[in-house]
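Each remark here refers to the structure printed beneath this line.
Any value given below was found using the heavy atoms of this structure, including those in side chains, with hydrogens, waters and symmetry copies removed. Order of the sequence lines fixes the chain letters, A, B, ..., with proteins taken first and strands second; residue numbering starts at 1 for each chain.
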Amino acid sequence: MLETDKLTKKFKDTLAVDDVSLELRKGESVGLLGPNGAGKSTAIAMISTLLKPSSGDVRLHGKSVLKDPGDMRRVLGVVPQKIALYEELSAYENLKFFGRLYGLSGKKLEQRIGYVLDLVGLADRKKELVKHYSGGMQRRVNLAAAMMHEPEVLIMDEPTVGIDPQSRNHLLETIRRLNREEGMTVLYTSHYMEEVEKLCDRVYIMDHGKVIAQGTKEKLKAILSDQETVWIEFDQSYPELFKKLSEIEGVQHADADERSLKLIIPKGMRLLASLFHEAERHGAQVTNVHVQTPTLEDVFLRLTGRTLRD
Amino acid sequence: MKAVFLLQWRKFYRQPLLVLAMFVLTIIFVSVSAAGGEDEPVFVPVYTESMKQEQALEWVERLNDEKQFAFKWMLPSEARSYVAEGDVPQAVELMEADYRLLVGREDPARLALDSMLRRVYSEELRFENAAQDVPEIRELMDSALSDPVLKLSAGSLQGNGDGDKLQLLFGMTLFFVIYTIMFSLVRIVDEKRTGTWNRMILSPVRKWQMYFGHLGFSFLIGFSQISLIFLLFRYAFGFEMGDRFWLLIAIAACYTFSIVALGLLIISLIAKPQQLSAVIPIVATGMAMVGGAFWPIELVTNEVLLTVSKVLPITYGLEALTSVAVYGNGLPSVATSLVMLLGFGGICTAIGIRLLEWRSVS
């Protein structure tokens with residue numbers, strides 16, 4: 001349905017997006033995953049025709065949209081990373097304006113406003129000014145505004161940044177419903193792994209402007225099928241111990257937090273004996289050890305040597 | 001375009017304070033300043049110790065013809081008492097061929113008083129000298145002045161009561177409306193910052209419709225402000241604005257267009273709302289000072305400032321308004337000013353939109 005072909009964007013000396021080819025099939029939910037600065041937002045801006053690529057193409061149903069973006073814009077609903085609303089107006093007034101932009105009027109406009117407000121759970125607070133809403137509620141109106149013209153494809157650029165867990169769950173649930181129940185095609189960018197894992201069928205992982213891996217969640221996790229993740233928690237921080245453990249033969253990747261250490265090791269590797277031995281040598285107390293199957297976060301760590309938070 | 005235009009009114013309905021403040025400020029400034037311009041002539045006690053009373057009264061009558069000060073003859077002791085008690089800053093002692101100022105305290109009007117007395121005394125003494133050769137000189141002069149061969153009149157806004165008031169009204173109105181218009185255009189910058197502009201770009205609304213929705217609102221709010229203030233001062237405060245009120249409104253429309261265009265050019269050059277908040281007052285005040293909004297442009301003698309004023313829309317706006325309201329001229333007299341305003345507006349709009357688009361693409 002929607003595809004990009006070797007999409008590239010260069011800003012002076014910076015290559016923000018480098019040769020990115022993506023594909024979205026009708027009705028599927030695709031995640032674009034990467035840390036801050038990976039080039040996700042630039043890619044999204046080019047796909048939604050807001051930014052002209054330096055090279056490459058964006059096609060809708062096989063037809064390039066670069067010269068005439070009209071067709072693309074009609075089927076696209078874009079939820080920007082920023083809260084792109086008029087905060088001095090109410091949610092109802094905002095939605096009315098965005099509906100009018102798409103030629104809606106009268107009864108049809110009112111019906112659509114009612115529908116999207118129900119969808120995001122703000123029908124009973126529609127008359128309140130947006131500036132008086134919580135961050136989570138503003139994010140919900142941000143989504144509702146993109147839904148006013150019944151788009152076929154919903155592109156979301158980190159729509160849950162900076163909101164409370166309850167609002168995030170509500171938002172994710174709404175997106176899942178739109179995709180699963182209404183068959184809406186979704187391109188979801190985030191640097192929150194669990195969101196992408198929860199929502200998306202397929203995932204593109206971006207880093208430094210490039211797509212470094214792609215496929216279904218299962219396929220990506222299979223990259224680490226012969227590995228497992230060991231997560232160790234200590235009573236306090238032991239930088240020297242963490243360094244020593246990271247250097248144990250067989251450990252493929254390590255990610256240290258303040259009081260914990262995550263190690264990716266080959267399946268079946270006997271790590272625990274060495275772990276407790278080194279801990280005792282450093283006078284450290286192990287408070288928790290957890291062995292788990294790899295997550296997308298682990299895949300990202302393996303592929304880039306960095307975490308998504310870096 | 002209609003949706004964008006209506007949105008601006010909805011936002012105005014929610015936040016009307018800035019526009020109302022500019023409207024009220026214009027009224028306050030003009031009312032207060034115009035009321036201050038109608039002071040009574042300054043009272044000046046006059047006495048003499050060397051002249052007869054009849055002769056002194058003739059002098060007082062002659063001095064009062066000037067209408068600049070209100071001279072009143074009184075006894076020397078009475079005049080001295082006025083000055084000593086601080087009721088007046090000075091008194092005048094009349095002498096045969098000279099005068100003397102009795103000064104109690106500093107007064108800004110003293111220079112004007114002294115200059116006027118010197119002029120009147122010189123004139124009278126010249127007459128007296130001439131009368132020695134031609135005794136009927138005064139009658140001959142009066143007769144010649146009542147039926148002159150050539151009449152020459154010089155007009156100036158300064159010192160002309162109604163002209164002063166109209167200059168003040170036009171100057172303040174055109175000055176404050178710059179704020180209203182330019183701050184309303186800052187919304188375009190705000191939309192680009194918050195991302196609502198991109199939402200509009202993604203809709204079927206064309207870019208020119210987005211710009212015209214904004215510019216149309218700014219024009220209408222500015223034009224309404226000027227028109228309402230003119231109507232208010234004409235009908236509620238009784239300002240005499242001539243017989244061609246429609247022409248004043250037409251000039252206001254051309255001026256508003258030029259300021260909207262100038263505002264667009266400014267926001268195309270300066271992208272941040274905080275910077276615009278600093279730049280707009282500088283531009284508005286600078287333009288008003290050089291363009292003659294605070295004082296008549298005739299008072300400016302500096303060649304550089306006069307040259308700069310020729311590229312400012314406020315100069316042409318004020319020139320056209322005073323030409324129609326004060327001197328009673330018609331459309332042909334102000335056509336050049338109107339063409340300048342429209343031309344200025346057209347050029348600024350074209351450059352402004354071009355720059356805004358260029359910056360958003362690059």
Side-chain angles (χ1 to χ4, degrees), chain A residues 10-12 41 44-45 47-54 65 69-90 92-105 109 129-131 138 141-149 151 153-155 157, chain B residues 1-21 183-214 216-218 221 271-274 277 354 356-362:
Chain A
K10 200 172 178 183
F11 295 106
K12 290 183 181 163
S41 293
I44 290 285
I47 293 168
S48 54
T49 72
L50 283 170
L51 190 66
K52 278 196 175 161
S54 304
V65 299
D71 288 344
M72 179 71 145
R73 289 175 181 178
R74 261 186 291 280
V75 301
L76 216 60
V78 177
V79 183
Q81 192 173 350
K82 284 193 223 167
I83 309 281
L85 299 168
Y86 301 102
E87 60 170 23
E88 66 272 42
L89 302 184
S90 67
Y92 172 82
E93 287 166 334
N94 267 282
L95 297 176
K96 194 169 187 173
F97 168 66
F98 290 117
R100 275 182 177 159
L101 288 182
Y102 287 87
L104 297 177
S105 61
L109 176 61
L129 301 187
V130 168
K131 67 179 169 191
Q138 290 180 347
V141 185
N142 211 27
L143 167 64
M147 293 291 300
M148 278 302 292
H149 61 293
V153 182
L154 193 60
I155 295 186
D157 189 5
Chain B
M1 186 171 105
K2 193 178 153 195
V4 181
F5 180 73
L6 291 176
L7 175 80
Q8 308 313 314
W9 287 102
R10 174 52 60 176
K11 286 164 86 175
F12 169 62
Y13 171 72
R14 294 276 186 209
Q15 293 181 330
L17 210 62
L18 179 77
V19 176
L20 293 181
F183 277 116
S184 74
L185 283 171
V186 172
R187 288 177 181 182
I188 295 181
V189 180
D190 264 334
E191 294 231 33
K192 291 192 171 189
R193 185 181 53 84
T194 58
T196 49
W197 190 259
N198 278 347
R199 275 201 196 272
M200 283 196 270
I201 289 175
L202 289 172
S203 76
V205 175
R206 300 286 177 89
K207 274 239 178 99
W208 68 264
Q209 293 175 311
M210 291 157 59
Y211 279 116
F212 274 75
H214 275 280
F217 168 78
S218 297
I221 199 87
K272 291 183 180 161
Q274 301 92 320
S277 299
R354 191 99 185 150
L356 278 170
E357 284 309 295
W358 174 75
R359 213 172 47 194
S360 65
V361 169
S362 63

Checklist entry - Is atom CZ of B:Phe212 surrounded by more than 12 heavy atoms (other residues, nucleotides or ligands) closer than 6.0 Å? => result no
Checklist entry - Say you draw a straight line from CG of A:Asn142 to CZ of B:Arg199; how long is it, rounded to the nearest 0.5 Å? => result 4.5 Å
Next on the checklist: Heavy-atom cut-off 4.5 Å, strictly under: side chain, backbone, both or neither for B:Gln209 against chain A?
Outcome noted: neither
Item to check | Residue pair B:Leu7, A:Leu89: steps toward the side chain to side chain contact (heavy atoms under 4.5 Å, CB included) verdict | outcome: CA-CA 10 Å; B:Leu7 175 80; A:Leu89 302 184; 3.5 Å; yes
Checklist entry - What residue in A:Arg73, A:Met72, A:Lys96, A:Arg100 has the most heavy-atom pairs under 4.5 Å with chain B? => result A:Arg73
Next on the checklist: For residues 74-83 of chain A, give me every residue with a non-hydrogen atom less than 4.5 Å from any non-hydrogen atom of chain B.
Outcome noted: A:Val78, A:Pro80, A:Lys82, A:Ile83
Checklist outcome for this item: Whatever's closer than 4.5 Å to a heavy atom in chain B on A:Ala45 counts as neither
Next on the checklist: Is B:Arg14 in contact with chain A via its backbone, its side chain, both, or neither, using a 4.5 Å heavy-atom distance?
Outcome noted: side chain
Next on the checklist: If I take atom CG from residue B:Asn198 and atom OG1 from residue A:Thr49, how far apart are they, to the nearest 0.5 angstrom?
Outcome noted: 9.5 Å
Item to check | Within 6.0 angstrom of B:Lys2 NZ, more than 12 heavy atoms from elsewhere | outcome: no
Checklist entry - Got B:Met200 and A:Phe97 here, is their nearest side-chain heavy-atom distance under 4.5 Å? => result yes
Checklist entry - Distance from B:Leu202 atom CG to A:Leu50 atom CG, nearest 0.5 Å? => result 4.0 Å
Item to check | Rounded distance [0.5 Å steps], CG in B:Leu6 versus CD in A:Glu93 | outcome: 12.0 Å
